[in-house]
Amino acid sequence: MTLRTSPEVGGMGHSIKRKEDPRFIRGKGTYVDDVVLPGMLYLDIVRSPHAHAKIVKIDSAKAMAVPGVLAVITGQDLAKYNLHWMPTLMSDTQMVLPVEKVMYQAQEVAAVLATSRYAAADGAAVVEVEYDPLPAVVDPHKALEPGAPVLRTDKKDKKDNHIWHWEWGDRAATDRAFAEADVTVKEQIYIPRIHVASIETCGCIAHFDKVDGKLTVWMTTQAPHAIRTVFALVAGHVGLAEHKIRIISPDIGGGFGGKVPVYPGYVIAVAASVLTGKPVKWIEDRMENLQADSFARDYHITAELAAKKDGTLTALRIKTLADHGYTDAAANPSKFPAGLFHVCTGSYDLKAAHVEVDGVYTNKPPGGIAYRCSFRVTEAVHTIERMVDIMAHQLGQDPAEFRMKNFIRPEQFPYKSALGWEYDSGNYGGALQKAMDGVGYAELRREQAEKRKRGELMGIGISSFTEIVGAGPSKHFDILGLKMFDSCEIRIHPTGKAIARFGTKSQGQGHETTYAQILAEELGIPAADIQVEEGDTDTAPYGLGTYASRSTPVAGAAAAVASRKIIDKGRKIAAHLLEVAPEDLVYEPGKFSVKGSPNRSKTIQDVAFAAYTNHPQGMEAGLEAVSYYDPPNLTYPFGSYICVVDIDKGTGEVKVRRFLAIDDCGNIINPMIVQGQVHGGLTMGLAPALFEEISYDEFGNVQGGSFIDYLVPTAVETPKWETGHTVTPSPHHPLGAKGVGESATVGAPAAIANAVVDALWHLGVRHVDIPITPPKVWKLLREKGVTE
Ligand code: MCN
Ligand code: CUM
């Protein structure tokens, strides 16, 4: 059998090479798409051309006549097992396959099971579905108007398209501050729908073994344990108990938030495998991935900011419509339907704030998951950074000075924000100053002034963002009731080598390296002697997975805590070997020695051997520890980014000439990995700022559903990133580390947008929505009377 890489469209061609890779073991693939099992069957999915339509009839006859096609699975088939609907991570419901109607274009309508991928696709092409189109609701504002068609007719009592209202902060105090303000600014900001576009699309191989009654699923998931529990809860009634489910998440080719939810394809593959007793493979192609998987953002924001005459900020007021598509499938902590959006006061010492968000149903794919963003933080950062910039310009003040004046000062930490967060540590002025020195800010401003005289358009944009990552303290954070702790389990073998397993799951962040480094530092065992494993629910300790940059803040802390448990036991064993009291020993990584006689010592390897060969009587043998770490607080990484753009008056093209990012993620475990995370993150910040958007026409037809018009930046569009850092340790994390995986994506778009507006402010431009494409800028310039 030939290996097919996922997308006919994507055409990565890499699996061919991987066949020669010695790591590739048949049946135990490196990537999900590499897993090949004997007798494997394949799924392909029939998708709706309509955004909203009744399903009148599904005719499978022609598909069943295609050689190799074994079955056409419809919603009616799943309904017999009550598997046609499933819960979303936000306790809403979503269809696995529809019985009555479809709710967005490219929604799954039926699935074809066949003996080859080709036969499945040929079968799917000839399944005949008769639809009765219904009016599509595309604009979330219109969705709330009286008389708008009610979309969720499956919900008996639902009379409108409003999902929830959520608000936070002191409304009265905020209104008062606005009434008393000398200056206020107000802006409509739209943060468009975007998609993560990871290298590998989503997919799985589900294998139900009829002999031992066990289901194994190789799956592109960022949260294998949570998925196992969800599967057990959803399919318990058809006999899938949690101990009979094994989720394996191998290399998944990037996650970026898009591989947190459960997609219908997974469930159909599981159902098909349980029914046939054969392994069933489902891998999306690129267009399916872009058109039907959960999306990010889609926030329609009205923001207002108030200040005194001298430029002291006083209050922030935000109202938002959140377009969730046809179901609220956000991967947010239960308590927070708008995620951590209320970190929107950002890096500024604002005394009053109030934020409201309303979730709305429309005929679009479900959402909103994050896109390299800790639960709506990008939306929050974009809003506050744009608003602060508008205020600075409005007051005629330099945006850097203006920020310096309004930052939360270092001595104010731990700082309680007006919206209730306790920021652990920060030095915002330090990071901005370093960025200004690094780019030569004063000189750039001089250059800009000269160029402006000549009519050239150059802009300098700043983003001084505060992130919030590491969910989370279990008293506030859970997903579907599962508390958001994370875990590390360490076993030291008799010869002093170790295996450590984690509840998180790397998607390319290099956990194998950085976790081994943490353990090596704590235990004094060389990193090369430590095997790090994640992603197999049969072996790894329970954890909530990798998203929201929580691995270092939570599982990284668990690694330190579990290591310290090992050292505590090791100390007792060493004391026994050296015939002294445990208190008489001093520990340095890898070595216990007697106080005052450094020559009398035992290494961690001596201790490990003794733990299995000569442990003290009365003590349990072995040297193992596990930590389920519940962080006392989130971590608040931050940074200051400065972007310099030149705008081509003829074409409207925005050229990023320079971009300097100063990040602060507390103590750094691995500088190279952190730099890599920042580089990748910046490119994923550039993408929505200048290129990426998924939009819909009035009928709900997706625009941007393929790489022809969903513009992912390549090396050609990506500028040379300049990076640097400051170090402000987290006071509550055992290693003083904060997360960093999303900082750059969160911080970058506002710096770019601010730079563009900075270049155009003198023409009367106050705001431009991202993506800031050449046609958008070209049109704006013509409106303002600028010609070439
Ligand atoms: N790190 C470090 N020192 C610190 C903080 C982090 O050395 N002070 C290292 C960590 O040890 C880890 C990496 O940097 O190896 C990222 O750590 P962390 O910030 O804890 O984030 P996570 O590991 O939890 O990764 C999640 C984050 C998210 S949510 C998205 S989205 C994203 C991102 O990581 N998806 C990615 N970066 C990605 N990078 C790749 N290659 N692929 C993805 O899918
Ligand atoms: Cu926010 S995207 Mo990441 O959390 O997987």
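Since the structure is predicted, the reported quantities are computational estimates derived from the model, not experimental observations. Whatever order the structure lists them in is the order used to number ligands and atoms, beginning at 1. Along the sequence shown, residues carry numbers from 1.
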Ile408 CD1 to Ser417 OG distance, which is reported to the nearest 0.5 Å: 7.5 Å
His342 and Trp421 aromatic ring geometry - parallel, tilted or perpendicular at 30°/60° bounds: tilted
Glu522 side chain near Arg564 side chain, heavy-atom distance below 4.5 Å: yes
Nitrogen or oxygen atoms of Tyr547 and ligand 2 under 3.5 Å apart: no
Contact atoms of ligand 1, heavy-atom distance to Val674 under 4.0 Å: 1 (N), 2 (C), 3 (N), 7 (O)
Heavy atoms from other residues, nucleotides or ligands near CD of Glu521 exceed 12 (cutoff 6.0 Å): no
Interatomic spacing from NE2 in His679 to OG1 in Thr723 - rounded to 0.5 Å: 4.0 Å
Aromatic ring pairing Tyr515/His511, orientation class (parallel under 30°, perpendicular over 60°, tilted between): tilted
Ligand-residue contact atoms, ligand 1 with Thr546, heavy atoms, under 4.0 Å: 22 (P), 24 (O), 25 (O), 26 (C)
Ala548 touching ligand 1 at heavy-atom level, < 4.0 angstrom: yes
Ile669 N/O under 3.5 Å from ligand 1 N/O: yes
Contact (N/O only, under 3.5 Å) between Ile668 and ligand 1: no
Close side-chain approach of Asp486 and Phe502, heavy atoms under 4.5 Å: no
Nitrogen or oxygen of Phe375 less than 3.5 angstrom from that of ligand 2: no
Subset of ligand 1 atoms that lie under 4.0 Å from at least one heavy atom of Cys665: 4 (C), 8 (N)
Note, Ile694 side chain near Tyr710 side chain (heavy atom, < 4.5 Å): yes
Atoms in ligand 1 flagged as close to Gly739, the criterion being non-hydrogen separation under 4.0 Å: 19 (O)
Which of the ligand 1 atoms, numbered from 1, are nearer than 4.0 Å to a heavy atom of Glu742: 28 (C), 29 (S), 30 (C), 31 (S)
Identity of the nearest option to atom 22 (P) of ligand 1, non-hydrogen atoms only, from Ser551, Ala559, Gly741: Ser551
Per-residue contact class, Phe256 against ligand 2 - non-hydrogen pairs under 4.0 Å: backbone
Non-hydrogen side-chain atoms of Ile227 and Met219 separated by less than 4.5 Å: yes
For atom 1 (Cu) of ligand 2, closest protein heavy-atom neighbour: Cys373 O, 2.4 Å
Numbered atoms of ligand 1 (with element) below 4.0 Å of Asn667, judged on heavy atoms: 4 (C), 8 (N)
Within the 6.0 Å centroid threshold, strictly below: Phe341 and Tyr299: yes
Side-chain touch Ile518/Leu735, heavy atoms, less than 4.5 angstrom: yes
Protein contact to atom 11 (O) of ligand 1 [nearest heavy atom, distance to 0.1 Å]: Thr514 OG1, 2.8 Å
Contact partition for Ile673 relative to ligand 1, non-hydrogen atoms under 4.0 Å: side chain
Winner among Ser743, Ala555, Gly255, Gly253 once heavy atoms are compared against atom 44 (O) of ligand 1: Gly255
Proximal ligand 2 atoms for Ala548, defined as those under 4.0 Å from one of its heavy atoms: 3 (Mo), 4 (O)
Heavy-atom nearest neighbour of atom 26 (C) of ligand 1 within options His725, Gln509, Met684: Gln509
Centroid-centroid under 6.0 Å between His195 and Phe295 rings: no
Option set His733, Gln677, Lys259, criterion heavy-atom distance to atom 33 (C) of ligand 1, minimum: Gln677
Backbone or side-chain N or O of Asn670 under 3.5 Å from ligand 1 N or O: yes
Nearest option to atom 10 (C) of ligand 1, as decided by whichever heavy atom of Thr552, Thr504, Val554 sits closest: Thr552
Gly508 N/O under 3.5 Å from ligand 1 N/O: yes
Polar proximity ligand 1 side, Gly254 side, N/O cut 3.5 Å exclusive: no
Contact (N/O only, under 3.5 Å) between Val740 and ligand 1: yes
Gly666 to ligand 1, any heavy atom closer than 4.0 Å: no
Heteroatom distance test (Gln222, ligand 2): nitrogen or oxygen, under 3.5 angstrom: yes
Side-chain touch Cys344/Ile318, heavy atoms, less than 4.5 angstrom: yes
Chi angles and distances behind the ring pair (Phe, Tyr, Trp, His ring centres under 6.0 Å) call for Phe485, Tyr629: CA-CA 6 Å; Phe485 59 85; Tyr629 188 79; over 10 Å; no
Heavy-atom side-chain proximity of Ile770 to His382 below 4.5 angstrom: yes
Contacting atoms of ligand 1, where contact means under 4.0 angstrom from a heavy atom of Ala737: 8 (N)
The one among His511, Met672, Gln675 that brings a heavy atom closest to atom 23 (O) of ligand 1: His511
Any Pro553 heavy atom less than 4.0 Å from ligand 1: yes
Salt-bridge criterion met for Lys738 and Asp424 (N-O under 4.0 Å): yes
Side-chain touch Lys483/Phe477, heavy atoms, less than 4.5 angstrom: no
Atom 3 (Mo) of ligand 2 - nearest protein heavy atom and its distance: Glu742 OE2, 2.9 Å
Atoms in ligand 1 with a heavy atom of Tyr547 nearer than 4.0 Å: 29 (S)
Phe638 ring center near Phe465 ring center (under 6.0 Å): no
Proximity of Lys738 to ligand 1 by residue part, where a heavy atom lies under 4.0 Å: backbone
